Amino acid sequence: MSKQESHALNWDDLKYFLAVARTGTLRGGADSITVNHTTLTRRIAVMEERVGSRLFDRSKSGLVLTQVGEDLLPHAERVEQEMTAASRVIVGRDTQPTGTVYVTLPHGLAMTSLMEDFTAFAERYPDITLNLNFTNDVRDLTRREADVSLRVATDVTDDVVGRKLVQMSQAAYCSRQYAERVRDNQGEGLHFIGWHEPEEALTARWLSDSHYPKATLKHRVSELVPLITLAASGLGMAYLACNLGDRHPDLIRAPFQKPLPYRSIWLLLHRDLRNTARVRLFVDFLAERVTARRNEFWVSGTAPL
């Protein structure tokens with residue numbers, strides 16, 4: 001290998017380098033780009049041999065960049081930006097309604113009528129495949145981590161084409177048996193299931209602002225699915241988006257309340273993909289169906305904003 005060849009880098013080299021630089025570990029880097037840990041370790045070693053210097057040093061917290069690594073990082077990030085921009089341009093010229101649409105959305109939406117919308121879309125466009133990634137992490141559309149993102153949020157500030165589909169209502173839900181304990185006394189003697197509030201906390205801002213400010217936090221969960229399941233089993237009350245709570249056969253809206261305003265569902269895509277046939281079809285199809293069912297999300301009787 002000539003001296004010139006020994007110092008040559010390619011995009012794969014930089015992709016592996018960025019994965020480790022961003023996660024701080026070989027294992028985390030391998031997971032982030034879905035490659036084998038051994039493969040990533042070998043590629044980093046080859047890259048360091050080509051560069052003629054270590055790119056990472058080991059520390060108690062993981063791998064940290066050496067000075068050479070720090071000098072390389074901004075160049076690698078610029079190459080990544082150019083590669084993803086080129087990818088968006090190529091995909092954006094696709095005018096045929098075939099291929100795969102990569103969609104990311106939070107776990108909670110898996111329990112809503114959106115699943116029926118996805119099924120209806122697949123039936124209408126059998127040559128388009130949906131790849132659905134359910135995650136509560138916000139995906140970066142500018143880096144093509146997804147084509148389309150469904151997000152539950154008050155506002156969206158990303159550099160993306162955004163469409164607010166519907167605003168949602170929320171209400172307190174409980175089992176029918178638990179509802180028999182509810183009195184018109186602002187929730188005194190009742191319990192709510194909390195999320196990530198401190199263990200010693202007996203209340204939270206959202207509970208104080210609700211129709212049950214005298215109720216207390218007692219139990220905690222870390223995910224939406226167990227929150228719904230536990231509320232349905234009678235463990236306590238839970239605040240849920242109405243389009244979630246109203247669909248559950250074992251939950252009812254707790255008495256003596258009005259639904260309250262909640263966040264909105266946003267449908268997002270990168271601006272370079274606006275004219276991609278399969279993406280455009282999916283976005284328009286979903287937006288039309290969801291907005292036609294607006295009353296399912298913003299329910300009658302919701303307190304004014």
Side-chain angles (χ1 to χ4, degrees), residues 81 84-85 87-125 127-170 224 240-247 259-300 302 304-305:
Q81 291 168 5
T84 53
S87 175
R88 290 196 304 268
V89 168
I90 294 171
V91 174
R93 291 176 179 171
D94 179 10
T95 59
Q96 300 301 316
T98 62
T100 300
V101 178
Y102 294 88
V103 185
T104 180
L105 65 165
H107 294 125
L109 294 183
M111 295 175 284
T112 71
S113 58
L114 289 173
M115 301 304 100
E116 296 156 20
D117 296 329
F118 295 159
T119 300
F121 177 83
E123 291 174 350
R124 180 176 296 185
Y125 301 103
D127 293 329
I128 298 178
T129 299
L130 296 179
N131 187 313
L132 305 173
N133 180 18
F134 290 89
T135 175
N136 291 325
D137 295 334
V138 176
R139 296 302 188 191
D140 189 346
L141 296 179
T142 62
R143 289 172 52 193
R144 289 298 310 282
E145 293 180 346
D147 297 327
V148 178
S149 176
L150 282 160
R151 194 176 303 175
V152 176
T154 302
D155 294 300
V156 171
T157 58
D158 306 32
D159 182 23
V160 293
V161 178
R163 186 187 306 192
K164 183 166 73 173
L165 296 184
V166 286
Q167 184 171 5
M168 296 182 287
S169 305
Q170 62 176 337
L224 181 60
L240 303 170
C242 291
N243 60 299
L244 270 176
D246 289 347
R247 283 172 64 90
L260 299 174
Y262 189 48
R263 299 168 183 167
S264 299
I265 298 179
W266 293 77
L267 184 59
L268 309 172
L269 69 156
H270 193 278
R271 61 184 71 254
D272 290 351
L273 300 180
R274 285 177 295 181
N275 298 321
T276 301
R278 61 181 180 274
V279 174
R280 183 82 266 162
L281 287 172
F282 176 77
V283 168
D284 291 343
F285 180 91
L286 192 62
E288 180 180 356
R289 285 180 62 102
V290 171
T291 54
R293 304 194 310 275
R294 188 176 301 275
N295 291 340
E296 174 187 325
F297 300 89
W298 180 267
V299 300
S300 175
T302 298
L305 295 170

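Nothing here was measured: the structure is a model prediction, and the numbers come from that model.
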Legend entry - Residue pair D284, R163: steps toward the side chain to side chain contact (heavy atoms under 4.5 Å, CB included) verdict: CA-CA 10 Å; D284 291 343; R163 186 187 306 192; 3.4 Å; yes
How far apart are the closest heavy atoms of [X] and [Y], and which atoms are they?
X    : Y    : result
G99  : R278 : C-CD, 3.8 Å
R289 : E116 : NH2-O, 4.1 Å
L224 : G108 : CD2-CA, 3.4 Å
V148 : L267 : CG1-CD1, 3.5 Å
F297 : S113 : CZ-OG, 4.1 Å
G245 : L240 : CA-CD1, 4.2 Å

Inset, instruction - Would you mind checking if E288 and R124 are paired as a salt bridge, meaning a charged N to carboxylate O distance below 4.0 Å? - result: no
Rounded distance [0.5 Å steps], [atom1] in [X] versus [atom2] in [Y]:
X    : Y    : atom1 : atom2 : answer
T112 : L244 : OG1   : CG    : 6.5 Å
F282 : F118 : CZ    : CZ    : 4.5 Å
D155 : W266 : CG    : CH2   : 6.0 Å
K164 : T291 : NZ    : OG1   : 13.5 Å
T302 : Y262 : OG1   : OH    : 14.0 Å
F121 : L130 : CZ    : CG    : 6.0 Å

Do the side chains of [Y] and [X] get nearer than 4.5 Å, heavy atoms only?
X    : Y    : value
L114 : L286 : yes
S169 : W298 : yes
I128 : P97  : yes
T276 : D147 : no
M168 : N243 : yes

Legend entry - Partners meeting side-chain hydrogen bond (donor to acceptor under 3.5 Å, both in side chains) with N131 (sequence neighbours left out): none
Inset, instruction - Take D117 and R293, measure what side chain to side chain contact (heavy atoms under 4.5 Å, CB included) needs, and give me the verdict at the end. - result: CA-CA 11 Å; D117 296 329; R293 304 194 310 275; 2.9 Å; yes
Legend entry - side chain to side chain contact (heavy atoms under 4.5 Å, CB included) between I265 and V290, worked out: CA-CA 10 Å; I265 298 179; V290 171; 5.5 Å; no
